[in-house]
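Some notes on the structure that comes next.
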Amino acid sequence: MFRLMGASHRSMDAPPSCWFLYLVSALWFELISASASACPQRCHCTDRNGLVVQCSSRNLDRIPQNLPPDTAVLLLSSNSIRRVPPQAFAALRRLRELDLSHNAIDAVEADAFQGISEGLRTLDLSNNRLSRLPKDAFAKLGAQVRLSHNPWHCECDLQEALRELRLDPDTANQVSCFTAAREEHVGRPVIQVLDSGINLCSFHQRTTDVAMFVAMFCWFAMVTAYIVYYVRHNQEDARRHMEYLRSLPRTPHASKDAVCSVF
């Protein structure tokens with residue numbers, strides 16, 4: 001603002017009304033710039049080849065709102081964040097590095113990184129509580145991703161999600177199956193399981209087919225049992241009805257014969 005005021009001495013011959021409007025415009029521009037880079041509460045901001053927003057170890061239970069739009073590096077590690085909601089960083093078009101490690105994150109929504117997918121270079125989600133991921137959670141994300149030390153459940157969705165991202169090669173072998181659809185995969189790195197030729201999606205498909213077959217068999221058995229019960233019930237009713245008819249007295253027939261003999 002002072003540079004603008006200093007440079008304006010050449011315009012001192014302007015009318016007073018124009019000079020006043022010029023000062024108001026310059027002040028308004030400075031206020032907008034300051035508010036755009038305002039640091040979130042409980043965070044510390046520095047400018048090192050781009051704005052670095054340091055929010056690590058601040059007892060945060062959610063991602064701060066109103067982050068500066070010019071944030072280049074966002075450090076949110078060692079907090080108690082549990083969820084990454086949709087479009088959580090959509091306003092941070094200049095974001096290059098995002099650290100969400102050492103939190104309690106157990107859910108990443110499908111559109112969590114929408115808006116920053118092209119510019120982001122590194123994403124750290126290590127040391128959290130992630131067991132599953134939506135298969136399109138990292139769609140179009142060009143960043144190198146760390147997913148180590150999470151309790152992963154090795155299944156088709158995880159396989160599909162891994163196809164959409166670039167795992168950090170230094171930590172790829174630390175992405176292990178904490179649980180799995182097949183017991184022999186538990187404890188093994190996911191990359192080793194997939195490199196061995198295992199297709200988790202084909203196993204999932206076979207499991208689904210077996211489940212559908214069992215469900216159809218149970219349904220068929222129930223229908224058959226109902227039909228058998230229905231037929232037997234009707235037969236029993238018919239037998240009882242016949243026995244009832246046989247047990248009726250024959251007096252009407254005798255009186256009929258008597259009448260005929262009179263005539």
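- With contacts defined as side-chain heavy-atom distances shorter than 4.5 Å, the pair N150/F178 does not qualify.
- The CG atom of N127 sits 10.0 Å away from the OG1 atom of T171 when rounded to the nearest 0.5 Å.
- Put simply, the side chain of W152 never gets that close to the backbone of V190: no donor and acceptor are under 3.5 Å apart.
- Across A110 and P134, no two heavy atoms sit closer than the pair N-CG, 4.1 Å.
- Taking every heavy atom of both residues into account, L95 and A72 meet most closely at CD1-O, 3.6 Å.
- The minimum heavy-atom distance between E118 and R121, with the atom names listed, is O-NH1, 3.0 Å.
- Atoms NE2 and OG, on H185 and S176 in that order, are 13.0 Å from each other to the nearest 0.5 Å.
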side-chain contact (heavy atoms from CB on, under 4.5 Å) between E109 and Q87, intermediate numbers included: CA-CA 9 Å; E109 302 296 335; Q87 301 184 11; over 6 Å; no

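- In this structure, D136 places its CG atom where more than 12 heavy-atom neighbours from other residues, nucleotides or ligands lie under 6.0 Å away.
- Between the side chains of N199 and Q159, at least one donor-acceptor pair of N or O atoms lies under 3.5 Å.
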Intermediate values then yes/no, side-chain contact (heavy atoms from CB on, under 4.5 Å), L162 and L133: CA-CA 9 Å; L162 292 178; L133 284 174; 5.9 Å; no

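- Hydrophobic cluster membership differs between V73 and L125, with clusters built from Ile, Leu, Val, Met, Phe, Trp and Tyr side chains linked at under 4.5 angstrom.
- Between the side chain of N128 and the backbone N or O of N103, at least one donor-acceptor pair lies under 3.5 Å.
- Other residues, nucleotides and ligands contribute over 12 non-hydrogen atoms within 6.0 Å of the CD atom of E184.
- In this structure, the side chains of R42 and L60 come closer than 4.5 Å at one or more pairs of heavy atoms.
- To the nearest 0.5 Å, the span separating CG on L51 from OG1 on T46 amounts to 7.0 Å.
- Under a cut-off of 6.0 angstrom, the local environment of CG in N49 is sparse, with at most 12 non-hydrogen atoms contributed by other residues, nucleotides or ligands.
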Check step by step if side-chain contact (heavy atoms from CB on, under 4.5 Å) holds for H149 and Q174. CA-CA 6 Å; H149 302 296; Q174 298 170 3; 3.3 Å; yes

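- The residue from L75, L76, I63 that alone fulfils the side-chain contact (heavy atoms from CB on, under 4.5 Å) condition with C55 is L76.
- Closest approach of A112 to V84, counting heavy atoms only: CB-CG1, 3.5 Å.
- Taking hydrophobic clusters as Ile, Leu, Val, Met, Phe, Trp and Tyr residues chained together by side-chain heavy-atom distances below 4.5 Å, V52 does not share a cluster with L100.
- To the nearest 0.5 angstrom, L147 atom CG is 12.0 Å from S101 atom OG.
- For the atom pair D170 CG and S148 OG, the distance stands at 10.0 Å (nearest 0.5 Å).
- Remark: the S56 side chain and the S78 side chain contain no N/O donor-acceptor pair separated by less than 3.5 Å.
- Among all heavy-atom pairs drawn from E155 and L200, the shortest one is O-CD1, 3.5 Å.
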Can L165 and L141 be said to form a side-chain contact (heavy atoms from CB on, under 4.5 Å), step by step? CA-CA 6 Å; L165 57 84; L141 191 67; 5.7 Å; no

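- Between C177 and A180, the shortest heavy-atom distance links the atoms CB-CB, 4.5 Å.
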Derivation and outcome, side chain to side chain donor-acceptor pair (under 3.5 Å), residues T179 and H153: CA-CA 5 Å; T179 57; H153 177 67; 2.7 Å; yes

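- The pair R82-D106 meets the salt-bridge criterion, with a side-chain N (NZ, NE, NH1 or NH2) lying under 4.0 Å from an Asp/Glu carboxylate O.
- Under the 4.5 Å side-chain heavy-atom criterion for grouping Ile, Leu, Val, Met, Phe, Trp and Tyr, I198 is connected to I191 within one hydrophobic cluster.
- Distance alone, capped at 3.5 Å, is enough to place a donor-acceptor pair between the R93 side chain and the G115 backbone.
- With hydrogens and angles ignored, the 3.5 Å screen pairs no side-chain donor or acceptor of Q144 with any backbone N or O of R146.
- Counting only heavy atoms from C-beta outward, the side chains of N66 and P40 never approach each other to under 4.5 Å.
- With N79 contributing its side chain and R58 its backbone, the two residues share a donor-acceptor pair below 3.5 Å.
- Atom CG of L92 and atom CG of L98 lie 8.5 Å apart (nearest 0.5 Å).
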